[in-house]
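Below is one structure, written out as structure tokens, with a few remarks after it.
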Amino acid sequence: ADAASLAGMAVALLVPLSSALNYTVLQHAGRARPAVDDSTQTPASQPDLFSAVLIGAALSALATLPFALPFKSNAHDLGLLFGLGIVQLAIPCLLLVRVSRALPAPEVALIGLLEVIFGVLWAWIGAGEAPGSAALTGGAVVVGALVFNELLSLRGRAAAALA
């Protein structure tokens, strides 16, 4: 394999590893302290992970700024970019930080894969880009894994309730 192929495979390996590390760190940080201080029954101070998301977004914007030059977007494009930035990036990131306190990291990772499925679905609905059989098979595997995971979770909760 040539250098470009090896670099692509390295990136393909590092992305899921980085995501797994991110989910695990978020879960650990979110559970570092209880949500309520037992001695006073008041909310305990939690690590401010929302600020971490804001700082990460600002650093990402600064790192990618040189690649955006020269700016050639019109007002319509900037409006679309602003909307996508809020709806597709900011809100999901903040929701991810919030749910990582309650859900195990593997469940958060599986739910994160739904983004890929919905991206294909919206392209299919909005632009008429019909997915190929490989995309449909991959989507079925992800949805199947989510359903299987939830069935196992329900079974475990039912067994715990009976015990």
Side-chain angles (χ1 to χ4, degrees), residues 1-30 48-157:
D2 62 348
S5 294
L6 290 175
M9 287 188 280
V11 169
L13 175 65
L14 289 175
V15 168
L17 289 177
S18 299
S19 294
L21 178 66
N22 183 37
Y23 296 148
T24 304
V25 168
L26 280 173
Q27 183 180 31
H28 179 71
D48 190 8
L49 297 177
F50 293 128
S51 295
V53 171
L54 176 62
I55 292 168
L59 290 174
S60 295
L62 284 175
T64 58
L65 180 63
F67 301 108
L69 297 174
F71 297 121
K72 293 187 178 181
S73 298
N74 58 30
H76 177 263
D77 291 343
L78 288 175
L80 290 174
L81 290 170
F82 179 78
L84 283 172
I86 298 295
V87 175
Q88 189 179 8
L89 293 174
I91 293 173
C93 282
L94 293 174
L95 288 173
L96 173 73
V97 166
R98 181 70 179 131
V99 302
S100 66
R101 293 179 184 173
L103 296 177
E107 285 187 26
V108 175
L110 280 172
I111 291 170
L113 290 175
L114 286 175
E115 180 181 359
V116 176
I117 293 173
F118 283 118
V120 171
L121 180 65
W122 291 128
W124 193 359
I125 292 171
E129 293 182 19
S133 61
L136 292 173
T137 302
V141 167
V142 170
V143 171
L146 283 167
V147 169
F148 182 71
N149 187 51
E150 280 307 306
L151 289 173
L152 286 177
S153 178
L154 287 172
R155 185 175 160 198
R157 285 190 290 239

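We count residues from 1, following the sequence as given. Fair warning: this is a prediction, and the values are worked out from it, not measured in the lab. Computation of the quantities below employed the complete heavy-atom set of this structure, encompassing side-chain atoms and omitting hydrogens, waters and symmetry-equivalent molecules.
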Do any side-chain atoms of residues 62-87 form donor-acceptor pairs under 3.5 angstrom with protein atoms, and if so which ones, sequence neighbours left out?
unit_1: Thr64; atom_1: OG1; unit_2: Ser60; atom_2: O; d: 2.9
unit_1: Thr64; atom_1: OG1; unit_2: Ala61; atom_2: O; d: 3.3
unit_1: Asn74; atom_1: OD1; unit_2: His76; atom_2: N; d: 3.2
unit_1: Asn74; atom_1: OD1; unit_2: Asp77; atom_2: N; d: 2.8

Identify all side-chain donor-acceptor contacts of residues 119-132 below 3.5 Å with residues at least two apart in sequence or on another chain.
none

Exercise for the section: Can you measure from SG (Cys93) to CG (Leu54) and round to the nearest 0.5 angstrom? Expected result: 11.0 Å
Kindly list each side-chain donor-acceptor pair under 3.5 angstrom involving residues 141-148, sequence neighbours excluded, with atom names and distances?
none

Would you mind writing out the side-chain donor-acceptor pairs for residues 2-21 within the sub-3.5 Å range, not counting sequence neighbours?
unit_1: Asp2; atom_1: OD1; unit_2: Ser5; atom_2: N; d: 3.1
unit_1: Asp2; atom_1: OD1; unit_2: Ser5; atom_2: OG; d: 2.6
unit_1: Ser18; atom_1: OG; unit_2: Leu14; atom_2: O; d: 2.8
unit_1: Ser19; atom_1: OG; unit_2: Val15; atom_2: O; d: 3.1

